[in-house]
Number of protein chains: 2
Amino acid sequence: MVGAAARTEEMSWTDPTCPVARTLDLVGDRWSLLIVRDAMDGARAFTDFQHRTGIARNILTDRLRRLVERGILDRQTAPTGRRRNYVLTEAGRDLFALIVAARQWGERHAFAPAEPHSLLVDESGQPLPELRPTDAHGRPVDVDTTSVQHDRCP
Amino acid sequence: MVGAAARTEEMSWTDPTCPVARTLDLVGDRWSLLIVRDAMDGARAFTDFQHRTGIARNILTDRLRRLVERGILDRQTAPTGRRRNYVLTEAGRDLFALIVAARQWGERHAFAPAEPHSLLVDESGQPLPELRPTDAHGRPVDVDTTSVQHDRCP
DNA sequence: TCTTTTTGGTTGCAAAATGCAACTCATTGG
DNA sequence: CCAATGAGTTGCATTTTGCAACCAAAAAGA
């Protein structure tokens, strides 16, 4: 299902039939996924995001608004007219796999072997195993063993 | 391991300790992942990429060069013809999981239920099951059951 | 062989996105 | 009440992108 404002604002897609392209149209700019990353790591207030990402404040204002419009973040006002903060929607939380894939690729290809980096761990402190696409029977697949059908409507 | 030119050119990272941020610095712009997507789907020549993505040619020139510099594409001279084309490196092929994650999120959240879209299938024509991050024991994990350690060097 | 077309770019300029600093205006802590 | 902080907005300079025209080498055709 498409996000709220994507409907009202009649989003113009780079490549309307490709889910990869639509995803990039929604969160594929320089900052949106870093904002989502920080939201997943507990950031909720404007300044949380500003300090963690280092993004310019006017751009942050715009990105937060767009992520809300696109159904990835939600603005919640705490009980007594307090400060509003930003929380992930279900669609936003579902970006977890994408962020994990980005993190793991970065660990494999953007760091020297001994170079320090932050680490994503499960509840027992263990790093996650690598995400591996599989076919319907659980066998690993890759570029060579898959193909894109451009002419189907499932 | 870091890409060839990332070393020579002394890349300046948005957030040097975060693998997600480094990945986005390398392929997180408006076009790079669509170029990789098309390379995975068989595009090799300049004009293949130009027609599939619709990107402006000067930008395409620049993105292709950067992807080569960053170790994601390689320029290969075809056996008979003199014309060089672009093929994915191992690091580029390893972006498969990231592209699949983007595709699956797009299918779930950027399309109306009956809206047509391209489909990634395995060798027997079956769509791939959804990628699910798991812990070391194979149990599904998500935002709530994981955390980022910002102070470790594995 | 000579000409035409296609490929793979480059250059210059206009438009859009981004970054930076200064300025509001409400909330909160003392 | 007053100062400090949070959450933006506004204006301007810089950077990135898009568009169209131009160009040289390679391939194709006559």
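Worth knowing before you read on, the calculation uses all heavy atoms, side chains too, and leaves out hydrogens, waters and symmetry mates. Residue numbers start from 1 in every chain, and the chains themselves are labelled A, B, ... in the order their sequence lines are given, proteins ahead of strands.
Between Asp62(B) atom CG and dG18(D) atom P the separation is 11 Å, expressed in whole Å. For the pair Ile55(B) CD1 and dG8(C) P, the interatomic distance rounds to 15 Å; values are reported in whole Å. In this structure, Phe46(B) places its CZ atom 17 Å from P of dA24(D), rounding to the nearest Å. In this structure, CZ of Arg84(A) is placed 6 Å from P of dG8(D), rounded to the nearest angstrom. What separates CZ of Arg57(A) from P of dG8(D) is a distance of 11 Å, to the nearest Å. Atom CZ of Arg63(A) is separated from atom P of dG8(D) by 15 Å (rounded to the nearest Å). As rounded to whole Å, 4 Å separates atom P of dG8(D) from atom OH of Tyr86(A). When the C1' atom of dG9(C) is taken as reference, atom NE2 of His51(B) falls 14 Å away, rounded to whole Å.
Under a 4.0 Å N-O distance rule, the pair Arg132(B)/Asp142(B) does not qualify as a salt bridge. Contact check on Glu90(B) versus Arg93(B) returns a salt bridge, with a Lys/Arg side-chain nitrogen under 4.0 Å from an Asp/Glu carboxylate oxygen.
The shortest distance between the side-chain N/O atoms of Thr61(B) and the OP1/OP2 oxygens of dG8(C) is not below 4.0 Å. Of the side-chain N and O atoms in Arg75(A), one or more sit less than 4.0 angstrom from OP1 or OP2 of dG8(D). Distances shorter than 4.0 Å separate none of the side-chain N or O atoms of Thr47(A) from OP1 or OP2 on dT5(D). For the pair Arg65(B) and dT10(C), the criterion of a side-chain N or O lying under 4.0 Å from OP1 or OP2 is met.
Across the helix from dT1(C)-dA30(D) to dG30(C)-dC1(D), the helix axis at one end is tilted relative to the axis at the other end by 30° (nearest 10 degrees, each axis from five pairs).
Taken together through direct or relayed side-chain contacts under 4.5 Å among Ile, Leu, Val, Met, Phe, Trp and Tyr, Val87(B) and Ile72(B) form parts of separate hydrophobic clusters.
Distance check: Glu123(A) CD to Asp135(B) CG gives 8.5 Å after rounding to the nearest 0.5 Å.
Between dG19(C), dA7(D), dG18(D), one nucleotide has an atom nearer to the side chain of Trp31(A) than all others, and that is dG19(C).
Thr145(B) and Arg139(B) share no side-chain donor-acceptor pair at under 3.5 Å. Side-chain atoms of Arg30(A) and Thr14(B) form a donor-acceptor pair, as typed in the model, at a separation below 3.5 Å.
As judged by a 4.0 angstrom heavy-atom cut-off over every strand, Asn58(B) is placed among the base-contacting residues. Using a 4.0 Å heavy-atom distance criterion, Phe49(B) is classed as making no nucleic acid contact.
Of the options Arg52(A), Arg103(A), Arg37(A), a salt bridge (Lys or Arg N to Asp or Glu O under 4.0 Å) to Asp15(B) is made by Arg37(A) and by none of the others.
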